[in-house]
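Just so we're on the same page: letters track the sequence lines, and every chain starts at 1.
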Number of protein chains: 2
Amino acid sequence: MVKRKAAGQISSDEDRMYTDIYDAVMGHRLPPQTKLTELGLCEIYGLARHSVRKVLAQLAEDGLVDLLPNRGAYIASPSPQEGSEMFELRQALERLVIHNVAEQAPATKLAHLKDMVRHEREAWNKGDRPTWIRLSADFHVELAKLSGNALLTDILRRLVSRTTLLIASIESPGQNVCSFDDHLDILSKLEAGDKTGALKSMARHLSDCAQRSAKTEEKRFDLRSALMQS
Amino acid sequence: MVKRKAAGQISSDEDRMYTDIYDAVMGHRLPPQTKLTELGLCEIYGLARHSVRKVLAQLAEDGLVDLLPNRGAYIASPSPQEGSEMFELRQALERLVIHNVAEQAPATKLAHLKDMVRHEREAWNKGDRPTWIRLSADFHVELAKLSGNALLTDILRRLVSRTTLLIASIESPGQNVCSFDDHLDILSKLEAGDKTGALKSMARHLSDCAQRSAKTEEKRFDLRSALMQS
DNA sequence: CAAGAAGTGATTGTTGACAATAATAGGGGG
DNA sequence: CCCCCTATTATTGTCAACAATCACTTCTTG
């Protein structure tokens, strides 16, 4: 469950709308550039327009939707440029995460993460893609929590959402983009007290993800240019 | 001037309110924990309450005010814990900034920054503390812009605001907390192509700032405990 | 006299109506 | 036949009144 800061109380319906859209985006039932009309969401969730706008603002803040003035809310579609910026940032931030966890976090806390990876694998095996994608993202956020830096966790949480949105738009279901094997590898390095190894594993993991998403975006671009010629 | 993303158009009055409060906080004319009542701000800026609430939400998003449900908006007062978290993050992010600027940015772009530092020194010499603090913060943001990573710039901008708020609450006007000498040092290292040196200068600069703010916060705490005994 | 409870005033949160803007469809001129 | 201009419709942005909540004063009671 995604936590948000106190900014006017949050009704349970608003919370539901947020997570619904989040899940729908991650399961790419809501493809990028889909328009979300306020009135439509009002009817679906029985909320006042004001509340809908509040949730949309939160989604925009987390980078999941783009809010165009006088034109409405659209599911975000990160450009390749933004994609590489995200991963560059994540490299810097998750390096700090690993550093702090390796230095400070007790090994007992890592058990929780191992459970998560187990569930990740289960979801993958069952073909439950939305759950898998969500857990795959949560792994990085939960790891960040162990760093003890709340600010870092919050920023990384948003960044992971955006990254996941990027990945969710990839249409190759056979390819696993953010492997639980990698996650398990990072965990075992941390358990063994091998900080340098953990740093390397994380760096490679992120670099792999970045490359994969960049490649598929390139493919998408080629496809478009191919259509242009016809 | 602080740029914000498109999220419903921004009237010039709303913009003015944002920058006014920003400046007032930085010049510590608005000390932490000061309450900002909506109606008061409405009268001052001739805005509707709705607009005021929108700006307050933005300020909260940037970490300058705390928004307590049903209790109103208060100028934020970062705890020592948050303070150290901020600087830890800035160390990681600004290392990335320096790295990118050293690798990519053309030296000609650095001229602009040199001008800024000049103005910084002027403001300091004139005793214009608000302007100095603002320029001192802007230096880091403008440097981040040269990194070419818009996401990084945006995150760092908020972080710098929060840091500056922390620093602004320090009551020793004689002490310069974020020296332009340091800024100049970083610039010259970058100009000379000395990436390692620039990284070190930046790291030391931030570490100095962190230490100073931590020290004064400790002092404040002592003062409070002293009052408790009376 | 102190502590707690109820009432009052001030402040925030929400709802619905109105205004402004952008997307769409239809018609006239080139 | 295509393009541009205008009218209509749909959607977003803003405003003002209403409801809920909180802070404070006053009154009662042990």
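D/dT14 atom P lies 15 Å from atom CZ of B/Arg53, rounded to whole Å. One interatomic measurement links the two molecules: CG of A/Leu41 to C1' of D/dT12, which rounds to 13 Å at whole-angstrom precision. Rounded to whole angstrom, the span from the NZ atom of B/Lys54 across to the C1' atom of D/dT14 amounts to 8 Å. Between B/Glu38 atom CD and D/dA16 atom P the separation is 15 Å, expressed in whole Å. Rounded to a whole Å, the CG atom of B/Asn70 is 13 Å from the C1' atom of C/dA10. As rounded to whole Å, 17 Å separates atom C1' of C/dA20 from atom CG of A/Leu68. Taking atom CG of A/Leu47 as the reference point, atom P of C/dT15 lies 8 Å away to the nearest angstrom. Remark: C1' of D/dG13 and CG of A/Leu39 are 14 Å apart, rounded to the nearest angstrom.
Close to D/dC15, at under 4.0 Å from its OP1 or OP2, lies a side-chain N or O of B/Ser51. For D/dA23, one of the phosphate oxygens OP1 or OP2 lies less than 4.0 angstrom from a side-chain nitrogen or oxygen of B/Arg71.
Side chain of B/Lys35, nearest nucleotide from D/dT14, C/dT12, D/dT12: C/dT12. The side chain of B/Arg49 sits closest to C/dT12 out of D/dA23, D/dT12, C/dT12. Considering only side-chain atoms of B/His50, the nucleotide from D/dT14, D/dT12, D/dA23 that sits closest is D/dT14.
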Checking side-chain contact (heavy atoms from CB on, under 4.5 Å) for the pair B/Ile155/B/Leu89: CA distance, chi angles, key distance, verdict? CA-CA 10 Å; B/Ile155 292 174; B/Leu89 267 175; over 6 Å; no
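The main-chain N or O of A/Ser79 is found under 3.5 Å from a side-chain atom of A/Glu82 such that the two form a donor-acceptor pair. Side-chain atoms of B/Gln33 do not come within 3.5 Å of backbone N or O of B/Ser77 as any donor-acceptor pair.
Residues B/Asp62 and B/Tyr18 have side chains that bring a donor and an acceptor to within less than 3.5 angstrom of each other.
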